[in-house]
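Single-structure report; data block below.
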Amino acid sequence: MPAGRTHGAPRIDGETLLAFGTRLRAWYRRNARDLPWRATRDPYHILVSELMLQQTQVSRVMEFYPRFLERFPTLEVLAAARETHVVAAWEGLGYYARARNLHKLSRAVVREGAAAWGDPPSNGRATLPPDAESLRRLPGVGPYTAGAVSSFAFERRAALVDTNVARLITRVFAPRLDARRARDQKRIWAITEATLPRTGKATWVHNQALMELGALVCTARVKRCGVCPLRRLCKTYQRRM
DNA sequence: AATGCGGGGGG
DNA sequence: CCCCCAGCATT
């Protein structure tokens with residue numbers, strides 16, 4: 001299957017895909033916000049940030065993330081804590097099932113993690129699996145979070161689609177698709193995968209950049225096309241919106 | 001496929 | 001005052 005051929009979606013030529021990624025990542029290197037979870041590769045820390053960020057804005061998570069990790073710095077510490085204490089540290093963030101799932105997850109991983117995904121015996125530290133497929137089986141971890149942890153913590157070449165990426169991809173490549181329609185999700189994932197660079201390292205930047213551009217430039221209510229690096233290849237822009 | 005889950009901020 | 005926000009589990 002040639003690059004750019006996506007399941008039922010309009011074919012995107014390789015040159016366009018290349019230009020898309022190159023411009024996107026160049027923009028990110030100059031415009032990215034300095035966020036704490038971008039300065040670490042600790043899988044547990046990344047996981048906490050991703051769970052907190054589910055349906056929750058960055059500015060809100062910033063108020064909780066450092067404090068939570070100070071209180072529960074490792075999977076082992078979290079697993080040893082009582083659930084009520086974990087939920088208490090989550091108080092104010094909302095969607096408290098995330099906290100309960102995180103706690104449950106920590107106990108599962110500490111107890112049987114190494115056996116489940118063949119961790120190197122190493123120093124007895126519990127770790128998360130690096131592949132999206134295994135991550136996906138953990139409680140509270142869906143398709144997005146699995147891809148995010150695989151890419152951002154382990155620098156694997158994994159795709160991820162959140163609300164930002166879905167909006168950006170549809171606007172640039174497939175304005176007929178609706179990110180909110182379940183049926184279109186498959187095709188949006190396929191297009192997103194087709195845009196990924198070759199290596200895991202570059203994919204880390206690429207994925208961060210997709211979300212950052214969606215969060216800062218190609219937002220839900222305002223399209224800042226005047227400062228968008230993808231303007232010239234964007235189908236929505238070409239249609240004069 | 002549809003719904004519940006929290007709470008705050010922006011247009 | 002709605003709509004939206006680095007979604008997921010359940011039905």
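For the numbers below, each heavy atom of this structure counts, side chains included, while hydrogens, waters and symmetry mates do not. From a predicted model like this one, the values you see are computed outputs, not experimental measurements. Order of the sequence lines sets the chain letters (A, B, ...), proteins ahead of strands, with each chain counted from 1.
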(message) For nucleotides 2-10 of chain B, give me one character per nucleotide, 5' to 3': B if any protein heavy atom sits under 4.0 Å from the base, S if the only such contacts are to the sugar-phosphate, - if neither.
(response) ---BBSBBB
(request) Measure the distance from CG on A:N101 to P on C:dG7 and round it to the nearest whole Å. (result) 16 Å
(request) Can you tell me, in whole Å, how much space there is between the P of C:dC8 and that of B:dG8? (result) 23 Å
(message) Regarding A:R136, tell me which of base, sugar-phosphate or nothing describes its non-hydrogen contacts under 4.0 Å with the strands shown.
(response) sugar-phosphate
(request) Hey, which sits more toward the 5' end of DNA chain C by its nearest nucleotide, A:T219 or A:G140? (result) A:T219
(request) Would you classify A:A220 as touching base, sugar-phosphate or nothing, given that sugar-phosphate means primed atoms plus P, OP1 and OP2, and contacts are heavy atoms under 4.0 Å? (result) sugar-phosphate
(request) Ignoring backbone atoms, test whether A:T163 places a side-chain nitrogen or oxygen under 4.0 Å from the OP1 or OP2 oxygen of C:dC5. (result) yes
(request) Classify the side-chain pair A:Q54/A:Y144 by whether it contains a donor and acceptor separated by less than 3.5 Å. (result) no
(request) Report the distance from atom CG of A:L51 to atom P of C:dC5, rounded to the nearest whole Å. (result) 19 Å
(request) Rounded off to whole Å, could you give me the CG-to-C1' distance for the A:L53 and C:dC4 pair? (result) 15 Å
(message) Please report the distance, rounded to the nearest Å, between CG in A:L210 and P in C:dA6.
(response) 13 Å
(request) Starting at OG1 of A:T22, measure out to CH2 of A:W27 and round the result to the nearest 0.5 Å. (result) 15.5 Å
(message) Work out how far the P atom of C:dT11 is from that of B:dG6, and round it to whole angstrom.
(response) 16 Å
(request) Please confirm whether A:W37 and A:F152 have ring centers closer than 6.0 angstrom. (result) no
(request) State whether a side-chain donor-acceptor pair under 3.5 Å links A:R38 with A:Q208. (result) yes
(message) Can you confirm whether or not the ring centre of A:F68 sits under 6.0 Å from the ring centre of A:W90?
(response) yes
(message) Taking the C1' atom in each of B:dC5 and C:dC4, what is the distance between them to the nearest angstrom?
(response) 15 Å
(message) Counting the atoms with a prime plus P, OP1 and OP2 as sugar-phosphate, which does A:I46 contact under 4.0 Å by heavy atoms, base, sugar-phosphate, or nothing?
(response) nothing
(message) Donor-acceptor pair, distance only, cut-off 3.5 Å: does the side chain of A:R181 make one with the backbone of A:D178?
(response) no
(request) For A:V141, report the nucleic acid contact type (base, sugar-phosphate, nothing); a contact means any heavy atom under 4.0 Å. (result) sugar-phosphate
(message) Rounded to whole Å, how long is the line connecting atom CG of A:L135 with atom C1' of C:dC8?
(response) 15 Å
(request) Please report, rounded to the nearest Å, how far the P atom of C:dA6 is from the CD1 atom of A:I169. (result) 16 Å
(message) So does A:V141 get a backbone contact from the side chain of A:R136, meaning a donor-acceptor N/O pair under 3.5 Å?
(response) yes
(message) What is the distance, to the nearest angstrom, from the CZ atom on A:R167 to the C1' atom on C:dC3?
(response) 12 Å
(request) Could you state the atom-to-atom distance from CG of A:L105 to P of C:dC8 in whole Å? (result) 13 Å
(request) Give DNA chain B the dot-bracket treatment, 5' to 3': Watson-Crick (N1-N3 with N6-O4 or O6-N4) or G-U (N1-O2, O6-N3) under 3.5 Å, [ ] crossing, | other strand. (result) |||||.|||||
(message) I'd like to check A:P229 versus A:L213 (side-chain heavy atoms, cut-off strictly below 4.5 Å). Are they in contact?
(response) yes
(request) Mind checking the CZ-CG spacing from A:R25 to A:L210? Nearest 0.5 Å is all I need. (result) 9.5 Å
(request) State plainly whether the residues A:R100 and A:E83 are in salt-bridge range, i.e. N to O under 4.0 Å. (result) no
